[in-house]
S.K.: 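What follows is a structure written as structure tokens; I'll ask about it next.
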Amino acid sequence: MIFSQKIQDLALEAERALAPQFGHIEEVAFLNTQKVMDAFRTHRVSDSCFQSTSGYGYDDRGREVLEEVWADVMWAEAAVVRQTIISGTHALSIGLFGILRPGDVMYSVAGKPYDTLEEVIGLSGTPGNGSLRDFGVDYEQTDLNPDGSFNFAEIEDKLRTLGTRAKMVFVQRSKGYLNRKTLSVDEIGELVKFVKNISPETYVVVDNCYGEFVETKEPCAVGADLVIGSLIKNPGGGMAETGGYLAGTRRAVELVSYRMTSVGIGAEAGATLGQNKSMFKGLFYAPHTVAQALKTAHLAAYMFEKLGYVVEPRWNEERHDIIQSVIMGSAEGLCAFCRGIQAGSPVDAFVTPEPWAMPGYGDQVIMAAGTFVQGSSIELSADGPLRAPYTAFFQGGLTYESGRIGIMSAVASVLGE
């Protein structure tokens, strides 16, 4: 692709300004890689762990070692990591149905969860389809304060009012399709301590999607009972073909494993069908790949802010996930951004993305994803719902070099070049 001198100069200006941020990202990537490699050594990862099993998958050593490694890396007591989990929404559904029972309350304290959970919870969709609400689980919500902090006064009031019915406090770490800041691990730790002081038996569950390996610790390190995510986002490192994970306390993981398979079997079975190697390899690559995505996000923030757009986070702010939002202000601006990302992708660069009624979403959504793995958002991708203020949510980039090309392509498309 050939870019105008204006775009090339802006990219070079951005890189000069971003040198301190890039240095910090590389240091975090080193520390997280060290953590992953220590876990590999501790649990004696070997070629035998890459072998395939079929049928029931009993005594699958690779699966068992992978989950032991994953627990260490996530600062958890236990984990389930399976290629049979098809998405982050699927993993979250397993976690919600695994923990909650009729009469319980799911209490979301960071505003409305991601759009695809609305039908799972029962906030939308057809009654009788099998939502949590259909099974007698209620839902309560507290929004974040205007500055993005937790509303501790309201949280305390609701926890005391709900009493033992407050089975789960749910936290979405990332912004999803909301124009808010992402929560840091330390902020989540402050919340966990606050909740446990009031209601020790309440499970604190974190949707960790897009946040893995951005910091040097994960939410379980600060007391979260369960963290949940997708392998075609950060922790799969661009190598996992599919899959998801749930990690946390032994009891929480036991409960969700019964939902994942069946009561009495839990995590003891499950054929890996040749996927162990890609999941091990993806975890090994993940800290580095996340660093590439973060550099790309910083670059996008700088360039679009210089062009007059409102971005979150700003180019020089600390980050707690890989998502970069750019408020485009119009449907055409959002579509132009996504068309540029698609044109700057390694796969399907010739395709023109169009808005469509995607299952699980209340608004039409436009998605750009020229990815090797379908739907992989650790790869170069961008999307957004066609609703005001028409925000483009950008993430990913397997390499910074390809991410740089994608961002320059988006700039060119928005400028009409």
S.K.: What distance do I323 atom CD1 and D383 atom CG have between them, rounded to the nearest 0.5 Å?
M.R.: 8.0 Å
S.K.: Got L231 and Y245 here, is their nearest side-chain heavy-atom distance under 4.5 Å?
M.R.: yes
S.K.: What is the ring orientation for F22 with H298, classed by angle as parallel under 30°, tilted 30 to 60°, or perpendicular over 60°?
M.R.: perpendicular
S.K.: Which pair of non-hydrogen atoms, one from V373 and one from A240, has the smallest distance, and what is that distance?
M.R.: CG2-O, 3.9 Å
S.K.: Can a salt bridge be assigned to the pair D321 and K233 using a cut-off of 4.0 Å between side-chain N and carboxylate O?
M.R.: no
S.K.: Begin with the C-alpha distance, continue with both residues' side-chain angles, and end with the deciding distance and a verdict on side chain to side chain contact (heavy atoms under 4.5 Å, CB included) for C49 and S46.
M.R.: CA-CA 6 Å; C49 295; S46 66; 4.1 Å; yes
S.K.: Does atom CZ of R387 have more than 12 heavy-atom neighbours, drawn from other residues, nucleotides or ligands, at distances under 6.0 Å?
M.R.: yes
S.K.: For P313, is there any backbone N or O sitting under 3.5 Å from a side-chain donor or acceptor partner on Q324?
M.R.: yes
S.K.: Side chains of S131 and E119: is there a donor and an acceptor less than 3.5 Å apart?
M.R.: no
S.K.: To the nearest 0.5 Å, how far apart are CZ in R173 and CD in E187?
M.R.: 10.5 Å
S.K.: Can a donor-acceptor pair be found, under 3.5 Å and without considering hydrogens, that links the side chain of K295 to the backbone of E26?
M.R.: no
S.K.: If I compare all heavy atoms of A76 with all of G248, which pair ends up nearest, and what's the gap?
M.R.: CB-N, 3.4 Å
S.K.: Is a side-chain donor or acceptor of T33 paired with a backbone partner of A29 at a separation under 3.5 angstrom?
M.R.: yes
S.K.: Could you tell me whether the side chains of T142 and N151 share a donor-acceptor contact shorter than 3.5 Å?
M.R.: no
S.K.: Write down the atom of G237, the atom of T289, and the distance for their closest heavy-atom approach.
M.R.: O-OG1, 3.3 Å
S.K.: When rounded to the nearest 0.5 angstrom, what distance separates CZ in F152 from CD1 in I155?
M.R.: 6.0 Å
S.K.: Please check if the side chain of T261 supplies one atom and the backbone of G266 the other of a donor-acceptor pair under 3.5 Å.
M.R.: yes
S.K.: Tell me yes or no: between the side chains of D186 and S184, is some donor less than 3.5 Å from an acceptor?
M.R.: no
S.K.: So does H320 get a backbone contact from the side chain of T182, meaning a donor-acceptor N/O pair under 3.5 Å?
M.R.: no
S.K.: Do we see a donor-acceptor contact under 3.5 Å between the side chains of E218 and N208?
M.R.: yes
S.K.: How many angstroms lie between CG in L132 and CZ in F97, if you round to the nearest 0.5 Å?
M.R.: 4.0 Å
S.K.: Look at R180 together with E312 and state whether they make a salt bridge at an N to O cut-off of under 4.0 Å.
M.R.: no
S.K.: Mark yes or no for whether S87, through its side chain, and H90, through its backbone, hold a donor-acceptor pair below 3.5 Å.
M.R.: yes
S.K.: Just one of F394, W315, F337 clears the ring pair (Phe, Tyr, Trp, His ring centres under 6.0 Å) bar with F304, so which one?
M.R.: F337
S.K.: Any side-chain heavy-atom pair from I322 and V290 closer than 4.5 angstrom?
M.R.: yes
S.K.: Working note: D207 + I228, criterion side chain to side chain contact (heavy atoms under 4.5 Å, CB included); need CA distance, chi angles, decisive distance, verdict.
M.R.: CA-CA 5 Å; D207 175 354; I228 304 171; 5.7 Å; no
S.K.: Looking at K112, I want to see if its NZ is surrounded by more than 12 non-hydrogen atoms of other residues, nucleotides or ligands under 6.0 Å.
M.R.: yes
S.K.: Within the structure provided, determine whether Y203 and R251 are in side-chain contact (heavy-atom separation under 4.5 Å).
M.R.: yes
S.K.: Counting only N and O atoms by type, is there a donor-acceptor contact under 3.5 Å from the side chain of Q292 to the main-chain atoms of Y400?
M.R.: yes
S.K.: Give the minimum heavy-atom separation between S376 and T371, together with the two atoms involved.
M.R.: O-CG2, 3.4 Å
S.K.: Within the structure provided, determine whether Q51 and R61 are in side-chain contact (heavy-atom separation under 4.5 Å).
M.R.: no
S.K.: Of the non-hydrogen atoms in E212 and G229, which two are nearest, and what is the gap between them?
M.R.: OE2-CA, 3.9 Å
S.K.: Side chains of Q395 and Y210: closer than 4.5 Å at any heavy-atom pair?
M.R.: yes
S.K.: Measuring only between side-chain heavy atoms, which start at C-beta, is R63 closer than 4.5 Å to R82?
M.R.: yes
S.K.: Apply side chain to side chain contact (heavy atoms under 4.5 Å, CB included) to residues D225 and K196 and explain how you reach the verdict.
M.R.: CA-CA 11 Å; D225 296 287; K196 295 294 186 179; 2.8 Å; yes
S.K.: Can you tell me how far apart CZ (R319) and CD (E215) are? Round to the nearest 0.5 Å.
M.R.: 13.0 Å
S.K.: Just by modelled atom types, is the D348 backbone N or O under 3.5 Å from a matching donor or acceptor in the Q342 side chain?
M.R.: yes
S.K.: For a salt bridge (charged side-chain N to carboxylate O under 4.0 Å, His left out) check, start with the C-alpha distance between K181 and E318, then their side-chain angles and the critical distance, and finish with the verdict.
M.R.: CA-CA 11 Å; K181 74 181 187 71; E318 186 178 5; over 6 Å; no
S.K.: Using a strict threshold of under 4.0 Å (side-chain N to carboxylate O), is an ion pair present between D38 and K35?
M.R.: no
S.K.: Are the side chain of T391 and the backbone N or O of P389 linked by a donor-acceptor pair below 3.5 Å?
M.R.: no
S.K.: Quick one, E417 with S4, criterion side chain to side chain donor-acceptor pair (under 3.5 Å). Give me CA distance, side-chain angles, the key distance, then yes/no.
M.R.: CA-CA 8 Å; E417 296 185 1; S4 69; 2.8 Å; yes
S.K.: Going by heavy atoms in the side chains, are W70 and M279 under 4.5 Å from each other?
M.R.: no
S.K.: Are side-chain heavy atoms of I99 and V256 found at a separation under 4.5 Å?
M.R.: yes
S.K.: For the residue pair L283 and F40, what are the closest heavy atoms and their distance?
M.R.: CD2-CE1, 4.0 Å
S.K.: CE/M168 to OH/Y107 distance, rounded to the nearest 0.5 angstrom?
M.R.: 14.5 Å
S.K.: Is there a side chain to side chain contact (heavy atoms under 4.5 Å, CB included) between T53 and D59 once you walk through the steps?
M.R.: CA-CA 9 Å; T53 56; D59 301 317; over 6 Å; no
S.K.: Any donor and acceptor pair, going by atom type alone, linking the side chain of D157 with main-chain N or O of A153 inside 3.5 Å?
M.R.: no
S.K.: Cut-off 3.5 Å, no hydrogens considered: what does the side-chain donor-acceptor table look like for residues 403-410, sequence neighbours left out?
M.R.:
unit_1: R404; atom_1: NE; unit_2: E15; atom_2: OE2; d: 2.8
unit_1: R404; atom_1: NH2; unit_2: E15; atom_2: OE1; d: 3.4
unit_1: S409; atom_1: OG; unit_2: G340; atom_2: O; d: 2.6

S.K.: Under 3.5 Å, which donor-acceptor pairs link side chains of residues 6-14 to any protein atom two or more places apart or in another chain?
M.R.:
unit_1: Q8; atom_1: NE2; unit_2: F3; atom_2: O; d: 2.8
unit_1: D9; atom_1: OD1; unit_2: Q5; atom_2: NE2; d: 2.9
unit_1: E13; atom_1: OE2; unit_2: Y302; atom_2: OH; d: 2.6

